[in-house]
K.L.:
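Just dropping this structure here.
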Amino acid sequence: MSALSIDGKCDAAFAGVREVFARHFADGLELGARVAVILDGAVVVDLWGGYADPGRTVPWNDSTLVNVWSTTKGVAALAAHLLADRGLLDLDAPVARYWPEFAAAGKAELPVRYLLSHRAGLAGLREPVALEELYDWGLMTSRLAAAEPLWEPGTASGYHAMTYGHLIGEVIRRISGKTVGEFIRAELTGPLGADFHLGLDQRDDGRVATLVQAPPPPGPAPTLSPITLAALANPGTGPDAANSPAWRRAELPAVNGHATALALAQLYGAYAGRSAVLSPQQTDIARQGQGRCLDLVLGVLLGRGSEFGLGVIPSGEEGGYGPNPRAFGFDGYGGSFGMCDPEAGLSMGYTMNVMGHHILNDPRKMDLIEAVYAAL
């Protein structure tokens, strides 16, 4: 199998998606990748190609998993919205109602919605965090419970790149009595038959694609603020960390979901009301923008303002998830994404192992989304 051999299925109406996907390989933008599209409950695109390893010895196939970084966040948010939909979680209630220790350092009234919308002021910790400490759930949640916010909560967003998962995950754990990985398996991936894993079993290691980093773009790196450094570099991560067994075993609901593209399309599709998972009313709550601002973490890197919903990113004026401004999704570090457009009955997932350098809207993503909408 050559890197340009594309396997899978693609309805004739979506031939343009296959063309774009194949072109990315021909242009040298991919090592291995998969894209999946579900429309009105039917899989209309499910394509994969290339290799799972940099040595090009292991073909990418329909069971290949890969770490999808922050695309995991939308799945963790789905778990929280499932609890809210059942009346077990009030998004406007103080976090401390469910997690009493969180009331420390002036956070007694901080609402759950601030966790989901990256407005809690806890984008990182002031003290140094070692990578192995990130894997210690009790240590991280106790530190976050005791932490003083880095800015006044609610006044601006600041992307909680790593801490998001521990924060919303501990609320999920306190309510459900299950870890986030256990809850997702029981309530989401099991019922949906979605090949997504938070806390990967060692038996699945042989299915995991190796992540590699594309060469850095030319030019000087931007100057990062202390808040950005706390969020993105404390601890530092990257492909080497994500390829390690310790990373795979941990439950990091912000960054270490391992998935196929089809699983992402299934899970983000649960927001579209095609299953009994989430009500349309709760989906509308999830995608409601929480205020546009210059994000205190991502603002310098994006060079513009942005807006989060409650655990997802609205397509908005940038059209990051297609022309419907009310579509939404989440991007992962390096290029993966999951998205949902309830009005179109559409969901989509994309996974790959060559990590690009765009914070949002990797060009490969945008090409694929454009081709999907052109086919509708």
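Quick caveat: nothing in here was measured; it's all calculated off a predicted structure. In this chain, numbering begins with 1 at the start of the sequence shown.
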K.L.:
Is Arg364 paired with Asp367 through a side-chain N to carboxylate O contact shorter than 4.0 Å?
P.N.:
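A salt bridge is absent here (no side-chain N lies under 4.0 Å from a carboxylate O).
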K.L.:
Once side chain to side chain contact (heavy atoms under 4.5 Å, CB included) is applied, do any residues pair with Ala374, and if so which ones, sequence neighbours excluded?
P.N.:
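For Ala374 there are no side chain to side chain contact (heavy atoms under 4.5 Å, CB included) partners, ignoring immediate neighbours.
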K.L.:
With no hydrogens and no angle check, is any side-chain donor or acceptor of His166 less than 3.5 Å from a backbone partner on Trp137?
P.N.:
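Absent.
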K.L.:
What distance do Glu182 atom CD and Glu187 atom CD have between them, rounded to the nearest 0.5 Å?
P.N.:
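Those atoms lie 12.0 Å apart.
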K.L.:
Do any N or O atoms from the side chain of His160 and from the backbone of Gly158 form a donor-acceptor pair under 3.5 angstrom?
P.N.:
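Checking the backbone N and O of Gly158 against the side chain of His160, a donor-acceptor pair under 3.5 Å is found.
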K.L.:
Is it true that Asp201 and Arg248 have a side-chain N and a carboxylate O under 4.0 angstrom from each other?
P.N.:
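Arg248 and Asp201: not salt-bridged.
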K.L.:
Does the side chain of Leu267 reach to within under 4.5 Å of the side chain of Ile184, using non-hydrogen atoms?
P.N.:
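Not touching, per the 4.5 Å side-chain cut-off.
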K.L.:
Do the side chains of Pro253 and Ile168 get nearer than 4.5 Å, heavy atoms only?
P.N.:
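They are not in side-chain contact.
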K.L.:
After noting the C-alpha distance and the side-chain angles of Gln281 and Asp85, does the key distance pass the side-chain contact (heavy atoms from CB on, under 4.5 Å) rule?
P.N.:
CA-CA 9 Å; Gln281 293 80 13; Asp85 215 11; 5.7 Å; no
K.L.:
Would you say Leu125 and Met140 make side-chain contact, with heavy atoms under 4.5 Å?
P.N.:
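Heavy-atom side-chain distance check passes, below 4.5 Å.
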K.L.:
Measure the acute angle between the ring planes of Phe328 and Tyr271, then classify it against the limits of 30° and 60° as parallel, tilted or perpendicular.
P.N.:
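The rings of Phe328 and Tyr271 stand perpendicular, inter-plane angle above 60°.
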K.L.:
Decide yes or no for Asp362 and Met352: does some side-chain heavy atom of the first lie under 4.5 Å from some side-chain heavy atom of the second?
P.N.:
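No; the side chains remain at least 4.5 Å from each other.
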K.L.:
Could you please spell out the steps behind the salt bridge (charged side-chain N to carboxylate O under 4.0 Å, His left out) verdict for Glu101 and Arg174?
P.N.:
CA-CA 11 Å; Glu101 300 90 333; Arg174 295 291 178 116; 3.1 Å; yes
K.L.:
Give a yes or no on whether Val20 and Met366 share a hydrophobic cluster (residues Ile, Leu, Val, Met, Phe, Trp, Tyr; joining criterion: side-chain heavy atoms under 4.5 Å apart).
P.N.:
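Shared cluster, no.
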K.L.:
Got a sec, which residues hit side chain to side chain contact (heavy atoms under 4.5 Å, CB included) with Glu19, two or more places apart in sequence or on another chain?
P.N.:
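Scan of Glu19 (side chain to side chain contact (heavy atoms under 4.5 Å, CB included), adjacent residues dropped) gives none.
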K.L.:
Are Asn256 and Leu200 side-chain neighbours, meaning at least one heavy-atom pair lies under 4.5 Å?
P.N.:
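A side-chain contact under 4.5 Å is absent here.
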K.L.:
For the CG atom of Asp90 and the CG atom of Leu83, what is their distance to the nearest 0.5 Å?
P.N.:
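Rounded to the nearest 0.5 Å, the CG-CG separation comes out at 12.5 Å.
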K.L.:
Going through the checks in order, is the side-chain hydrogen bond (donor to acceptor under 3.5 Å, both in side chains) test met by Trp69 and Asp331?
P.N.:
CA-CA 8 Å; Trp69 295 98; Asp331 290 16; over 6 Å; no
K.L.:
Is it the case that Asn353 and Trp60 place a side-chain donor and acceptor less than 3.5 Å from each other?
P.N.:
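There is no such pair (donor and acceptor under 3.5 Å, judged by atom type) between the side chains of Asn353 and Trp60.
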K.L.:
Does Tyr114 have Lys107 sitting over its ring (NZ/CZ under 6.0 Å from centre, angle to axis within 45°)?
P.N.:
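Pair Lys107/Tyr114 does not count as cation-pi.
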K.L.:
In Å and rounded to the nearest 0.5 Å, what is the OG to CG distance from Ser347 to Leu264?
P.N.:
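It comes to 10.0 Å.
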K.L.:
Could you report the tightest heavy-atom contact between Asp62 and Arg34, atom names first, then the distance?
P.N.:
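Closest approach of Asp62 to Arg34: O-NH1, 2.8 Å.
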K.L.:
Are any non-hydrogen side-chain atoms of Leu91 and Ile285 less than 4.5 angstrom apart?
P.N.:
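They are in side-chain contact.
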K.L.:
May I ask you to check if Lys178 and Phe183 form a cation-pi contact, with NZ or CZ under 6.0 angstrom from the six-membered ring centre and within 45° of the axis?
P.N.:
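No, Lys178 does not lie over the aromatic ring of Phe183.
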K.L.:
Are the ring centres of His197 and His258 closer than 6.0 Å?
P.N.:
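Not close enough - the centres of the two rings lie 6.0 Å or further apart.
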K.L.:
Could you give me the CA-CA distance, side-chain angles and deciding distance for Phe102 and Leu122, then say whether side-chain contact (heavy atoms from CB on, under 4.5 Å) is met?
P.N.:
CA-CA 12 Å; Phe102 190 84; Leu122 297 169; 3.7 Å; yes
K.L.:
Nearest 0.5 Å, what's the CG-CZ distance between Leu110 and Arg119?
P.N.:
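So the CG of Leu110 and the CZ of Arg119 are separated by 12.0 Å.
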K.L.:
Could you pull out all residues at least two apart from Thr228 that satisfy side-chain hydrogen bond (donor to acceptor under 3.5 Å, both in side chains)?
P.N.:
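Ser225.
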K.L.:
Look at Lys365 together with Glu370 and state whether they make a salt bridge at an N to O cut-off of under 4.0 Å.
P.N.:
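Glu370 and Lys365: not salt-bridged.
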K.L.:
Using a 4.5 Å cut-off on heavy atoms from C-beta on, say whether the side chain of Arg207 contacts that of Asn61.
P.N.:
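Side-chain contact under 4.5 Å: no.
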K.L.:
Taking only residues two or more places apart in sequence, or in another chain, which ones meet Ser117 in a side-chain hydrogen bond (donor to acceptor under 3.5 Å, both in side chains)?
P.N.:
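Checked Ser117 against side-chain hydrogen bond (donor to acceptor under 3.5 Å, both in side chains); zero matches.
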K.L.:
State which residues pass side-chain hydrogen bond (donor to acceptor under 3.5 Å, both in side chains) with Arg287; sequence neighbours excluded, sorted by chain then number.
P.N.:
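Arg287 satisfies side-chain hydrogen bond (donor to acceptor under 3.5 Å, both in side chains) with Asp284, Glu343 only.
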K.L.:
With a 3.5 Å cut-off and sequence neighbours excluded, list the donor-acceptor pairs that the side chains of residues 305-314 form with protein atoms.
P.N.:
unit_1: Glu307; atom_1: OE2; unit_2: Gln290; atom_2: N; d: 3.3
unit_1: Glu307; atom_1: OE2; unit_2: Gly291; atom_2: N; d: 2.8

K.L.:
Using the rule given for side-chain contact (heavy atoms from CB on, under 4.5 Å), can you reason through Leu89 versus Ile172, listing the C-alpha separation, both sets of side-chain angles and the distance that settles it, and then say yes or no?
P.N.:
CA-CA 9 Å; Leu89 172 61; Ile172 292 169; 5.9 Å; no
K.L.:
Does the distance from a Lys or Arg side-chain N to an Asp or Glu carboxylate O, for Arg143 and Glu133, drop under 4.0 Å?
P.N.:
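Salt bridge present between Arg143 and Glu133.
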K.L.:
Give the C-alpha distance, both sets of side-chain angles, the deciding distance and a yes or no for side-chain contact (heavy atoms from CB on, under 4.5 Å) between Ile38 and Tyr268.
P.N.:
CA-CA 10 Å; Ile38 299 175; Tyr268 279 81; over 6 Å; no
K.L.:
Run Ser157 and Asp295 through side-chain hydrogen bond (donor to acceptor under 3.5 Å, both in side chains) and show every step you take.
P.N.:
CA-CA 5 Å; Ser157 73; Asp295 187 271; 2.6 Å; yes
K.L.:
For the side-chain hydrogen bond (donor to acceptor under 3.5 Å, both in side chains) test, which of Tyr159, Tyr333, Tyr164 pairs with Ser70?
P.N.:
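The option that passes is Tyr159.
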K.L.:
Is it true that Val45 and Leu376 fall in one hydrophobic cluster, defined by side-chain heavy atoms closer than 4.5 Å?
P.N.:
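The answer is yes; both residues are in one hydrophobic cluster.
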K.L.:
What's the verdict on side-chain hydrogen bond (donor to acceptor under 3.5 Å, both in side chains) for Tyr350 and Thr71, showing C-alpha distance, side-chain angles and the deciding distance?
P.N.:
CA-CA 10 Å; Tyr350 165 71; Thr71 307; over 6 Å; no
K.L.:
Quick one: does any side-chain atom of Asn243 pair with a main-chain N or O of Thr210 as donor and acceptor, under 3.5 Å?
P.N.:
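Absent.
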K.L.:
Let me confirm one number: the CZ-OG1 distance from Phe196 to Thr72, rounded to the nearest 0.5 Å.
P.N.:
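Phe196 atom CZ to Thr72 atom OG1 measures 4.5 Å (nearest 0.5 Å).
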K.L.:
Indicate yes or no: does Glu318 engage Arg292 in a salt bridge with an N to O separation below 4.0 Å.
P.N.:
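Counted as a salt bridge, because a side-chain N and a carboxylate O are separated by less than 4.0 Å.
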K.L.:
So do Val95 and Leu115 actually touch side chain to side chain, heavy atoms under 4.5 Å?
P.N.:
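A side-chain contact exists here, since the closest heavy-atom pair is under 4.5 Å.
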K.L.:
Is it true that Glu109 and Arg97 make a salt bridge, defined as a side-chain N closer than 4.0 Å to a carboxylate O?
P.N.:
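Arg97 and Glu109: not salt-bridged.
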K.L.:
Would you name the heavy atoms of Ala241 and Trp247 that are closest together and state the gap between them?
P.N.:
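Closest heavy-atom pair between Ala241 and Trp247: O-CB, 3.1 Å.
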K.L.:
For Thr351 and Ser336, does a side-chain donor sit closer than 3.5 Å to a side-chain acceptor?
P.N.:
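Their side chains do not contain a donor-acceptor pair, so the 3.5 Å distance test is not met.
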K.L.:
What's the separation between atom CG in Leu262 and atom CG in Asp46, rounded to the nearest 0.5 Å?
P.N.:
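Result: 5.0 Å between the selected atoms.
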K.L.:
Under the 3.5 angstrom rule, does the side chain of Asp195 hit a backbone N or O of Ala259 as a donor-acceptor pair?
P.N.:
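Absent.
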K.L.:
Say whether, by atom type as modelled, one donor and one acceptor occur between the side chain of Glu251 and the main chain of Gly181 under 3.5 angstrom.
P.N.:
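Between the backbone of Gly181 and the side chain of Glu251 there is a qualifying donor-acceptor contact (under 3.5 Å).
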K.L.:
Under a 3.5 Å distance rule, please check whether Asp136 uses its side chain to pair with a backbone N or O of Leu139 as donor and acceptor.
P.N.:
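Here the side-chain-to-backbone pair exists.
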